[in-house]
**Student:** 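Take this structure, written in structure tokens, and hold onto it; I'll ask about it next.
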Amino acid sequence: MISVEKALALILENSISLRKISVPFEDALGRILAEDLFADRDFPPYDRVTMDGIAIDFQVFENGQRTFKIQEMQGAGDLQSTLHTSQNCIEIMTGGVLPKNTSAVVRYEDLKIVDGFATINSEIQKGQNVHHQGQDKKAGELVLQRGTKLDASHLALAATIGKQTLDVFELPNVAIVSSGDELVEITEIPLPHQIRKSNVYAVGALLKKLNVSVSYFHIADDLENSILKIAELLKNFEVLIFSGGVSMGKKDFIPEALKANNVETIFHKIAQKPGKPMWFGKTAKNMVFALPGNPVSTYLCTILYVLPFLEKCLGSLKKDFEKVILGEDIQFKPQLSYFLQVKIENVAGTLMAFPLKHNGSGDFISLSDADGFVELPNSEDILFKKGQIVNFFAI
Ligand SMILES: Nc1nc2c(c(=O)[nH]1)N[C@H]1C(S)=C(S)[C@@H](COP(=O)(O)OP(=O)(O)OC[C@H]3O[C@@H](n4cnc5c(N)ncnc54)[C@H](O)[C@@H]3O)O[C@H]1N2
Ligand code: MOO
């Protein structure tokens, strides 16, 4: 049995190829940019007025003139006007082009207008209240680098340079496979000895956070049939995620059926609870995660291992784990890393984790009350003290 750290390291040694696809820029939120973006023009594209007021020739102000006749009014979106007489001024609105022959903008708050004449009543500087052309970026300069995870501000940037579609990276389609003869479709009424499938949908939902397209499959508890079905899936999908059938039961055929298809076992079993029986393997072109079937185990292993792998492939894996502080003492017999379901509370500005009562890894009803898991590391200590800093995995 290997440690949690070793399991993650063995998984993250691998990678898969990404596809490049073009999407409408509004649909690119959260995706990874697959092209460099360049300014199509200067930013701002003209000397942009930043305050409503008047535009003057600063030289005239410096020479002592304080009252200026208003030549005209120019709004944002109007063509650039020209100040014909330097002793005059032009009323100008925020967002407008600085008129020709002017070199400063004075806010309405700093002047008084009477009968078409504006009198300035404060000191001013040359170039004030003007956002100069090309000050932010020059035409042709790089504005966003390939590999950036796109947030709302990046979409605004794409909009302003007129990029209606963006090239983004996409992971290949992923197959999510349930197994177990007790499972029926969610549209069915289960018989007393049956349950509806739920794990695969939890995995699918977690993956959709990364915009991964998923396809669902089911394999009956039969070795020969499992071998045939897995052969087909390996041909059609680069990443396969199984839920169930990896433990010691007489009908837990998944590892055996994978081996029969020449999928190399990288590890089977991790020193953790829940999630201990997890299996991971690969071929030259496939990555295969076979997660323990208990619902909380499937969920946790997806968060701990599958998502980081996919994030690493996308280049968006964070270096550090999130941390929280234990809100109470917790006793746990060591020899395994224990992942405890917790509720997070903000106690006087500090995020503190409080354990939730639940009925083991088969109880996924309790999971819906949890904010995430904390990791109590595998150590000699039995007591994890209130105040201790631990890794946190949001659900
Ligand atoms: N003798 C031993 N028995 C078990 C061990 C062990 O070490 N020795 N480990 C236990 C642990 S821990 C886990 S976790 C489970 C994992 O077993 P499998 O991966 O083989 O999973 P199954 O037996 O197929 O299912 C377990 C449980 O989960 C339910 N399940 C499975 N798939 C789904 C699904 N898609 N949606 C909802 N629920 C699902 C299934 O009905 C079972 O109740 O093994 C222990 N046993
Ligand atoms: O993965 Mo099992 O507890 O560890 O349910």
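Just so you know, ligand 1 is whichever comes first in the structure, and atom 1 is the first atom listed for that ligand.
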**Student:** For the NZ atom on Lys273, are there more than 12 heavy atoms of other groups (residues, nucleotides or ligands in this structure) within a distance under 6.0 Å?
**Tutor:** no

**Student:** Check the angle between the aromatic planes of Tyr201 and Tyr216 and answer parallel, tilted or perpendicular using the 30° and 60° thresholds.
**Tutor:**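 Taking Tyr216 first and then Tyr201, their aromatic rings sit tilted (interplane angle of 30° to 60°).
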
**Student:** I want to know whether Phe321 and Phe393 have ring centres closer than 6.0 Å.
**Tutor:** yes

**Student:** Quick one: look up the protein heavy atom nearest atom 25 (O) of ligand 1 and list residue, atom name and how far away it is.
**Tutor:** Gly293 CA, 3.9 Å

**Student:** For ligand 2, which atoms, with element, lie under 4.0 Å from some heavy atom of Lys276?
**Tutor:**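 Those of ligand 2 that fall under 4.0 Å from Lys276 are 1 (O), 4 (O).
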
**Student:** Quick check on the 6.0 Å ring-centre criterion: do Phe217 and Phe237 meet it?
**Tutor:**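 Between Phe217 and Phe237, the centre distance is under 6.0 Å.
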
**Student:** Between Asn378 (side chain) and Gln335 (backbone), is there a donor-acceptor pair under 3.5 Å?
**Tutor:** yes

**Student:** Report the nearest protein non-hydrogen atom to atom 2 (Mo) of ligand 2: residue, atom name, distance rounded to 0.1 Å.
**Tutor:**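 Ranking protein heavy atoms by distance from atom 2 (Mo) of ligand 2, first comes Ser297 OG, 3.3 Å.
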
**Student:** Which ligand 2 atoms are under 4.0 Å away from a heavy-atom of Pro277?
**Tutor:** 1 (O)

**Student:** Decide if atom CD of Gln125 counts as having more than 12 heavy atoms of other residues, nucleotides or ligands within a radius under 6.0 Å.
**Tutor:** no

**Student:** So which heavy atom in the protein is nearest atom 23 (O) of ligand 1, and how far is it from that ligand atom?
**Tutor:** Asp252 OD1, 4.0 Å

**Student:** Does ligand 2 come near enough to Gln272 that some N or O of the ligand is less than 3.5 Å from an N or O of the residue?
**Tutor:** no

**Student:** Say whether Thr298 and Ser243, considering side chains only, have a donor N or O and an acceptor N or O under 3.5 Å apart.
**Tutor:**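 Side-chain D/A pair, Thr298 to Ser243: present.
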
**Student:** Test of understanding: given a 4.0 Å heavy-atom threshold, classify the contact between Ile195 and ligand 1 as side chain, backbone, both, or neither.
**Tutor:** side chain

**Student:** Which residue holds the protein heavy atom closest to atom 8 (N) of ligand 1, what is that atom called, and what is the gap in Å?
**Tutor:** Met248 SD, 3.7 Å

**Student:** Would Gly362 count as a contact of ligand 2 if the rule is a heavy atom under 4.0 Å away?
**Tutor:**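 Heavy atoms of Gly362 never come under 4.0 Å of ligand 2.
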
**Student:** Tell me whether Arg66 forms a cation-pi arrangement with Phe61, defined as NZ or CZ under 6.0 Å from the six-membered ring centre and within 45 degrees of its axis.
**Tutor:** yes

**Student:** For ligand 1, which atoms have a heavy atom of Ser297 less than 4.0 angstrom away?
**Tutor:**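 Ligand 1 atoms under the 4.0 Å threshold to Ser297: 14 (S).
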
**Student:** Evaluate whether atom NZ of Lys276 has more than 12 neighbouring non-hydrogen atoms of other residues, nucleotides or ligands under 6.0 angstrom away.
**Tutor:** no

**Student:** Would you check the N or O atoms of Pro277, main chain and side chain alike, for any that come under 3.5 Å of an N or O of ligand 1?
**Tutor:** no

**Student:** Provide, to 0.1 Å, the distance between atom 42 (C) of ligand 1 and the closest protein heavy atom, together with that atom's residue and name.
**Tutor:**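 Atom 42 (C) of ligand 1 sits closest to the protein heavy atom Glu182 OE2, 3.9 Å.
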
**Student:** Under 4.0 Å from any heavy atom of Lys197, which atoms of ligand 1 are there?
**Tutor:**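 Counting atoms of ligand 1 from 1, those under 4.0 Å from Lys197 are 36 (N).
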
**Student:** Among all protein non-hydrogen atoms, which one is nearest to atom 27 (C) of ligand 1, and what is the separation to 0.1 Å?
**Tutor:**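 Closest protein heavy atom to atom 27 (C) of ligand 1: Asn294 OD1, 3.2 Å.
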
**Student:** Among all protein heavy atoms in this structure, tell me which lies nearest to atom 33 (C) of ligand 1, with the distance rounded to 0.1 Å.
**Tutor:**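 Answer, as residue, atom name and distance: Asn199 ND2, 3.1 Å.
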
**Student:** CD of Glu232: more than 12 outside heavy atoms within 6.0 angstrom?
**Tutor:** no

**Student:** Considering heavy atoms of the protein only, find what lies nearest to atom 18 (P) of ligand 1 and give residue, atom and distance to 0.1 Å.
**Tutor:** Gly245 N, 3.4 Å

**Student:** Quick one: look up the protein heavy atom nearest atom 3 (O) of ligand 2 and list residue, atom name and how far away it is.
**Tutor:** Ser361 OG, 3.0 Å

**Student:** So, does Ser198 sit close enough to ligand 1 that a heavy atom of it is under 4.0 Å from the ligand?
**Tutor:** yes

**Student:** Which residue owns the protein heavy atom closest to atom 4 (C) of ligand 1, what's the atom, and how far is it?
**Tutor:** Ser247 OG, 3.2 Å

**Student:** Indicate yes or no: does an N/O atom of Lys273 lie under 3.5 Å from an N/O atom of ligand 2?
**Tutor:**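 No, since none of the N or O atoms of Lys273 sits under 3.5 Å from an N or O of ligand 2.
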
**Student:** Is the closest N or O pair between Gly275 and ligand 2 shorter than 3.5 Å?
**Tutor:**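 The answer is yes, given that Gly275 and ligand 2 share an N or O pair closer than 3.5 Å.
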
**Student:** Using a cut-off of 6.0 Å, state whether more than 12 heavy atoms not belonging to Lys343 lie near its atom NZ.
**Tutor:** yes

**Student:** Return yes when atom NZ of Lys112 has more than 12 non-hydrogen atoms of other residues, nucleotides or ligands closer than 6.0 Å, and no otherwise.
**Tutor:**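 Atom NZ in Lys112 is not packed in, count stays at 12 or less.
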
**Student:** Identify whether Val200 and Trp279 are in the same connected component of the hydrophobic contact network (ILVMFWY, side-chain heavy atoms under 4.5 Å).
**Tutor:**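 Looking at the clustering, Trp279 is in a separate group from Val200.
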
**Student:** Under 4.0 Å from any heavy atom of Pro274, which atoms of ligand 2 are there?
**Tutor:** 1 (O), 3 (O), 4 (O)

